J.: 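Supplied in structure tokens, the structure appears directly below.
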Amino acid sequence: MRIGVVFPQTEIGADRGAIRAYGQRVEKLGFTHLLAYDHVLGADPAVHEGWNGPYTVHTTFHEPLVLFGYLAAVTSLELVTGVIILPQRQTALVAKQADALTVTAQALGLG
């Protein structure tokens, strides 16, 4: 059985040291993969009346493919997307980012 964790998008903030420490600790604890969700734009309570969610337009959401590029350099975890919102991205750019991650993983001996 392979057990992973969900990346704490809204809780971890933008500190790259904290992100590295989290990924390395997850790996050290024996988890096999890390899953990250995508959210291109947060919810604006001024526009979405009654919004009571765990995030707003001011909450940090890391771009999954960029996050994975960083984590691939500091861990050997399998990196998994829960959601990628493709209609809000340029198709060719997503393809290039995914390919670059694959090449990076192969160069690191992970793929």
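In this text the structure is predicted, and so the values were computed from the model without any measurement.
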J.: Tell me the closest heavy-atom pair linking W51 and A43, and the distance in Å.
T.: CE2-CB, 3.5 Å
J.: Using side-chain contact (heavy atoms from CB on, under 4.5 Å), reason through L71 and L34 one step at a time and then give a plain yes or no.
T.: CA-CA 9 Å; L71 288 171; L34 180 140; 3.9 Å; yes
J.: List for me each residue that meets side chain to side chain donor-acceptor pair (under 3.5 Å) alongside Y70, sequence neighbours excluded, and say none if there are none.
T.: R20
J.: Do other residues, nucleotides or ligands put more than 12 heavy atoms under 6.0 Å from the CD atom of Q88?
T.: yes
J.: Excluding sequence neighbours, so at least two apart, what forms side chain to side chain donor-acceptor pair (under 3.5 Å) with E27?
T.: S76
J.: Please check if V74 and F31 belong to a single hydrophobic cluster, counting links between Ile, Leu, Val, Met, Phe, Trp and Tyr side chain heavy atoms closer than 4.5 Å.
T.: yes
J.: Kindly work out whether a path of hydrophobic side-chain contacts (I/L/V/M/F/W/Y, heavy atoms less than 4.5 Å apart) joins L65 to L93.
T.: no
J.: Which is it for Q24 and T75 under the side-chain contact (heavy atoms from CB on, under 4.5 Å) test, yes or no, and what are the steps along the way?
T.: CA-CA 6 Å; Q24 290 173 341; T75 73; 4.1 Å; yes
J.: Any chance CG of N52 has more than 12 other-residue heavy atoms, nucleotides or ligands included, within less than 6.0 Å?
T.: no
J.: Where is the tightest heavy-atom contact between P45 and T56, given as atom of each residue plus distance?
T.: CG-CG2, 4.0 Å
J.: Test side-chain contact (heavy atoms from CB on, under 4.5 Å) on F68 and V80; report intermediate values, then the result.
T.: CA-CA 9 Å; F68 289 167; V80 181; 5.6 Å; no
J.: Got a sec, which residues hit side-chain contact (heavy atoms from CB on, under 4.5 Å) with V57, two or more places apart in sequence or on another chain?
T.: D44
J.: Between L35 and F7, is there a side-chain heavy-atom distance shorter than 4.5 Å?
T.: no
J.: With side chains defined as the heavy atoms from C-beta onward, is the minimum distance between P64 and Y37 less than 4.5 Å?
T.: no
J.: Can you list everything that forms a side chain to side chain donor-acceptor pair (under 3.5 Å) with E63? Sequence neighbours excluded, please.
T.: R89
J.: List the residues meeting side-chain contact (heavy atoms from CB on, under 4.5 Å) with A18, not counting sequence neighbours, and say none if there are none.
T.: I12, D15
J.: Test side-chain contact (heavy atoms from CB on, under 4.5 Å) on M1 and I3; report intermediate values, then the result.
T.: CA-CA 6 Å; M1 177 181 293; I3 299 175; 3.9 Å; yes
J.: How would you list, by chain and number, every residue that makes a side-chain contact (heavy atoms from CB on, under 4.5 Å) with F61, sequence neighbours excluded?
T.: Q9, T10, H39, Y55, T59
J.: Under a 4.5 Å cut-off applied to non-hydrogen side-chain atoms, are D38 and T81 in contact?
T.: no
